[in-house]
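Written out below as structure tokens is the structure these notes cover.
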Amino acid sequence: MTFLGIGPWAVVGVVAAMAAALFALHHLRVRPAVQRVPTLLFWRRAIEESTARHLFARFRHPRTWAMLVALAGAIVLALADPTTGDGARRHRVLVVDTSDATRATRDGSPAIDAVRDAACAWLDDLPLGDRVALVASSRVVAGFDVPRPAVRDRLDTLVAGGASVARSVDVARALANGRGRSDVTVFAVSGAPADTDDVAWVAMRTDRGARALGAVEFVDALRVRVDAFAADDARRLVVRADARDAISVDVPACAGPGSAWVTVPGVPADGRDVVVALEPADATPHDDVVRYRLPDHRARALDVDASLGAVQWLVDADPRLVPANEGAAALAVRADGGGGSIAAGTRMRVAARPLGDAAATHRLPRLERDVTALGDGPGDACLTAGDAVLARLDRTATPPVLVLAADLFADDGIDGARVLRRAAVAAWLARTLHDAAGVVDGAIVARAGDDTATVLATDARGRAVPRPIPVAAADAAPVAIGDARVAFVGAALAPAVVQDGSAPPVSGGGFRPWEWLALVALALAAVDAALHLRRRIP
Amino acid sequence: MSALFSEDFVAALTSLRIEARRVPRGGRHAEHHAREPGSGIEFRDYRAYTPGDDVRLVDWRLYRRFERLFLRLLDEVRDLPCYVLLDTSDSMWLDDARRATAARRVAAVLAAVSLNQLDAVSIHPFGADLGASSGTVEGKRGLHRVLGFLEALEPAGRTDIRTSLEKFGRLPQRHGLVVVVSDFFDDAGLDAVWQAVRALRHRVALVRLVAASDRDPTIDGELRLEDCETGSTVDVTVTDRVLARYRAAVAEFEQGIEQLAARRGATLLEVDVDQPVLPQFAGLFPDGVLRV
């Protein structure tokens, strides 16, 4: 079991020390002088009247004190997020890049030295309870059973001239797999394959090339993410569909440092394979190429059953659409307001992302639906899936698109409902406590381990205002969605530790017991305050 | 004489008198003039004879002159039993027993005045309950007995005025003057005091002992106030606002006492425990006479 990342005995020690300190403070506190008086009649009257006018005077009541202590404890537990069992101890796999690129010298010293120093510093900062394994040159240099000083010694012995870091990452993944809470952290001097964005990268900034490529497809377009250490005008981003039609992007690909998103238009989402590459290749060419199989987004005409009426249509004709309420991405189309916006028998053009497509290895799902047929009618249209999906109709786009929240969670194996509930509670608190204008009516986006989700809220003037909401601590992968209408607030190039997909921290549905306890305590405190005010207000 | 009652103190008491507006019937010959004529020795008036009148009061000399019957009306002087109910609860003994000292001196004054007027006096100490009384004391020489009784009084726990006065009311007593000497700090509040005083079938005088520290306490800061009678405590942060509310509560209490006395038709005297008792009594007795 861990508590705030501290081991059980350390927790016991801290609690004991705090208890001893509190006990000592209790006995050493300044006690009020005792004054004998002939009667307390008048003092009680004076105190009663002053109690009604002092906010914190009611805390004198023992019941309120007990409630406060319970509330504080619950909040501490909710924040500390204690875990038990196998998940208590984090397994960390340290991958050190020893590829040929580390032979390069910078400022007179080989790059491998910088990698080693950074890895040692990282190692020293780890909690004592965590177990560390070291992987380099696609082999396990030190397993989890090796003591940390020995890991450090072996780290010091690493030399440049090994295999590609990509294979080391694969070895590290295999090593971390099934270990519960585990991380893979890579220290490298060059880029890495784009599909390794579930690991952390600590960039040594010795390479002028791209660090990673990522991409997400849209209707007739592809958005490519390029993480670069430095600007490199000599390299261009190239997209080839089926290795035939080379689509050269007329945008400097490596406009770094930082992450750059480049929209590649004219890429038909018709199921073909696409290669995205940075050309010319650098010393680590495998980092600069990523392959995608585009989903089939070709529009299909659906005949809507006239017997369903003019107001609500359930689109279930497409066998690739799962029925409503059976999955986060179930698709149902509804036109609000009636009024003949959709006549019976209207042919609707629905472009849907194939669900359960194993080939769709991209992380970011589609967010847009072609709802041209719906856009002509009054009122909003929305997609619903279970009770956890929020969506909004973006009428500013051409054609109008529906921005879905639920889709964001489908690929990541995250319970979107839980994230939404957490975010909704946070938004409610923010709105209540800080009197923030606007109502949360937009998409709420979060992924496993993200620090912050962003809620698109509508302010008093009807403008969409992104509001960052803390969701969970850990991963901080940058994500951009759509036309930046919903964006993560996260560290783009920060050496963040990314949760391995084996145990997403925000899965499981619902609140944790501590969070429920905190909510119950908050509710009790609110009831107590209300009763107190009711007694005091004549 | 003791330190509590000096010779000068006792000597000064002889100049004071208590005059009752109404004197109970019966009793002994004393110095209180009854409202109705009676069988005294001082002439008050003549009245025409009506059948049924006592023929012993007919003035035969007037009959001889006018051949009509007139009665000689004589002033009747009776005694007024004085019952002093003395609060001896723990609060009276707080702060060097200054309240108890003042209260016993008040009782001594009243007893001395009454004894000088040939009235019967009895002291009834009370606290949580009615204590043993001094018994009825008569005659001027009985003052020393009263003073000795007062000297020997001990703290009697918390204050329960209602219980004590109800118990006193059940005693077989002649109607007279009941003087309650107390600070009236009863946890049951003024309602209990009112219930107790209302039930007394005597003329009533209330002597309230006040102290400047009660009205305007000179305390400040974080304090734990302890009730000297019950031991209960209250933690108070004494601020100006709290003090203002305290003073308001004291003022309300004093106003309640005055209203209580007015409703009962009782005489209310206030004695400052920090000042000498006798000069205060001289001020409270206009022309040396207290009319009750």
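The chains referred to below are lettered A, B, ... by the order of the sequence lines, with proteins before strands, and numbering in each begins at 1. Side chains are part of it too, since the values below use all heavy atoms of this structure and drop only hydrogens, waters and symmetry mates. Values in this document were obtained by computation on a predicted structure and should not be read as measured data.
- Heavy-atom distances place the backbone of D186(B), and not its side chain, under 4.5 Å from chain A.
- F185(B) and F253(B) have tilted rings, their planes meeting at an angle from 30° to 60° on a 0 to 90° scale.
- Using a 4.5 Å cut-off between heavy atoms, L94(B) touches chain A through its side chain atoms alone.
- Of the atoms belonging to T230(B), not a single heavy atom falls under 4.5 Å from chain A.
- Closest heavy-atom contact between A212(B) and D274(B): N-OD2, 3.6 Å.
- For L41(A), the part lying under 4.5 angstrom from a heavy atom of chain B is the side chain only.
- Taking the ring centre of W194(B) as origin, the terminal cationic atom of R263(B) falls inside the region bounded by 6.0 Å and 45° from the ring axis.
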Assess the residue pair L268(B) and I257(B) against the criterion (side-chain contact (heavy atoms from CB on, under 4.5 Å)); give the C-alpha distance rounded to whole Å, side-chain angles, the decisive distance to 0.1 Å, and a yes or no. CA-CA 9 Å; L268(B) 177 63; I257(B) 287 279; 3.8 Å; yes
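- For a residue to count as touching a neighbouring chain, one of its non-hydrogen atoms must lie under 4.5 Å from one of that chain's; by this rule R158(B) does not touch chain A.
- R44(A) and S232(B) form a side-chain donor-acceptor contact under 3.5 Å, judged by distance and modelled atom types alone.
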